[in-house]
Amino acid sequence: MELKKITSFTINHLLLEPGIYVSRIDHFGDTAITTFDLRMTAPNREPVMNTAEMHTIEHLGATFLRNDPDFGSKIVYFGPMGCRTGFYLLLAGEYTSAEIVPLITSMFEFIRDFEGEIPGACARDCGNYQDQNLEMAHWLANRFLTNTLSCIDEKHLIYPD
Ligand SMILES: [Zn+2]
């Protein structure tokens, strides 16, 4: 069987910079699902994130998103990319990246400032609960806010063709 290259592998990672990109919009009957790539490091040119801090961002990010009064009911999925350069966010509905900049900015401010017990980080609620790094999650959130989200432009919101 010849396997088709899936869309996300056709993006030129050599030129990609951190940003918020729509990677695809799928339709299931009447429902559309928008998949966003939240790219936090430059692929193959910067060190990737370690799993512990990604795990912390996943727990805090998912908790924040699902509690958001406007978007909470639209969150289909939030989780890490296997390449450890960023996260996937799936939303019910059709959206542009520009429309979720405020949501993503608030989420990373929440992560940057979060203190205390990480939600879900206990043996009952998580499959590897001790693998967390809140300090590095703070640092990465701050870097993404400062270097990318605070000054985001079209080039970092839309994948090149
Ligand atoms: Zn976990």
Side-chain angles (χ1 to χ4, degrees), residues 6-9 11 13 16-26 28 31-95 97 99-150 152 156-157 159:
I6 65 172
T7 318
S8 58
F9 296 154
I11 290 147
H13 288 69
L16 205 54
E17 291 181 359
I20 303 174
Y21 304 96
V22 172
S23 70
R24 53 189 299 140
I25 297 177
D26 293 291
F28 303 94
T31 307
I33 306 276
T34 305
T35 299
F36 295 97
D37 294 351
L38 311 183
R39 298 272 178 187
M40 294 179 66
T41 69
N44 304 310
R45 306 193 298 283
E46 279 184 331
V48 296
M49 294 177 278
N50 291 313
T51 51
E53 39 267 38
M54 290 197 79
H55 192 193
T56 302
I57 292 171
E58 182 201 24
H59 275 235
L60 293 176
T63 302
F64 177 87
L65 291 167
R66 292 188 187 278
N67 279 284
D68 186 84
D70 300 319
F71 285 94
S73 63
K74 311 259 193 306
I75 307 298
V76 177
Y77 174 75
F78 174 72
M81 293 180 175
C83 60
R84 294 190 276 131
T85 66
F87 291 84
Y88 296 112
L89 171 63
L90 275 66
L91 283 185
E94 282 192 50
Y95 298 91
S97 293
E99 288 175 292
I100 65 155
V101 170
L103 176 72
I104 300 306
T105 300
S106 303
M107 180 182 86
F108 279 103
E109 285 170 348
F110 172 77
I111 294 167
R112 178 195 62 195
D113 300 335
F114 187 86
E115 296 294 347
E117 231 163 90
I118 298 161
C122 62
R124 185 190 171 279
D125 298 347
C126 173
N128 190 10
Y129 78 100
Q130 289 174 313
D131 193 32
Q132 300 279 351
N133 189 337
L134 184 59
E135 287 305 311
M136 272 307 293
H138 286 164
W139 189 89
L140 287 163
N142 185 53
R143 186 178 78 150
F144 194 46
L145 285 161
T146 305
N147 294 357
T148 305
L149 295 176
S150 66
I152 200 156
H156 300 89
L157 288 168
Y159 274 137

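For ligands, and for the atoms within them, numbers begin at 1 and follow the listed sequence.
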Considering all heavy atoms, the nearest Thr85-Met49 contact:
C-CE, 3.6 Å
Specify whether Phe78 and Phe87 have parallel, tilted or perpendicular ring planes, treating 30° as the upper limit for parallel and 60° as the lower limit for perpendicular.
parallel
Expected list for residues 16-25: side-chain donor-acceptor pairs under 3.5 angstrom, two or more places apart:
{"from": "Glu17", "atom 1": "OE1", "to": "His156", "atom 2": "NE2", "distance (Å)": "2.5"}
{"from": "Tyr21", "atom 1": "OH", "to": "Glu17", "atom 2": "O", "distance (Å)": "2.7"}
{"from": "Ser23", "atom 1": "OG", "to": "Asp37", "atom 2": "OD1", "distance (Å)": "3.3"}
{"from": "Arg24", "atom 1": "NE", "to": "Asp26", "atom 2": "OD1", "distance (Å)": "3.3"}
{"from": "Arg24", "atom 1": "NE", "to": "Asp26", "atom 2": "OD2", "distance (Å)": "2.8"}
{"from": "Arg24", "atom 1": "NH2", "to": "Asp26", "atom 2": "OD1", "distance (Å)": "2.8"}

Less than 2.8 Å from the Zn ion (ligand 1) is the window; count the protein N, O or S atoms in it.
3
Take Thr34 and Ile100 through the side-chain contact (heavy atoms from CB on, under 4.5 Å) test and state the conclusion after the steps.
CA-CA 11 Å; Thr34 305; Ile100 65 155; over 6 Å; no
Taking ring-ring contact (aromatic ring centres under 6.0 Å, His included) as the definition, give me every residue that meets it alongside Tyr88, ordered by chain and number, with sequence neighbours left out.
none
How would you list all residue pairs meeting side chain to side chain donor-acceptor pair (under 3.5 Å) that involve residues 59-72, not counting sequence neighbours?
His55-His59
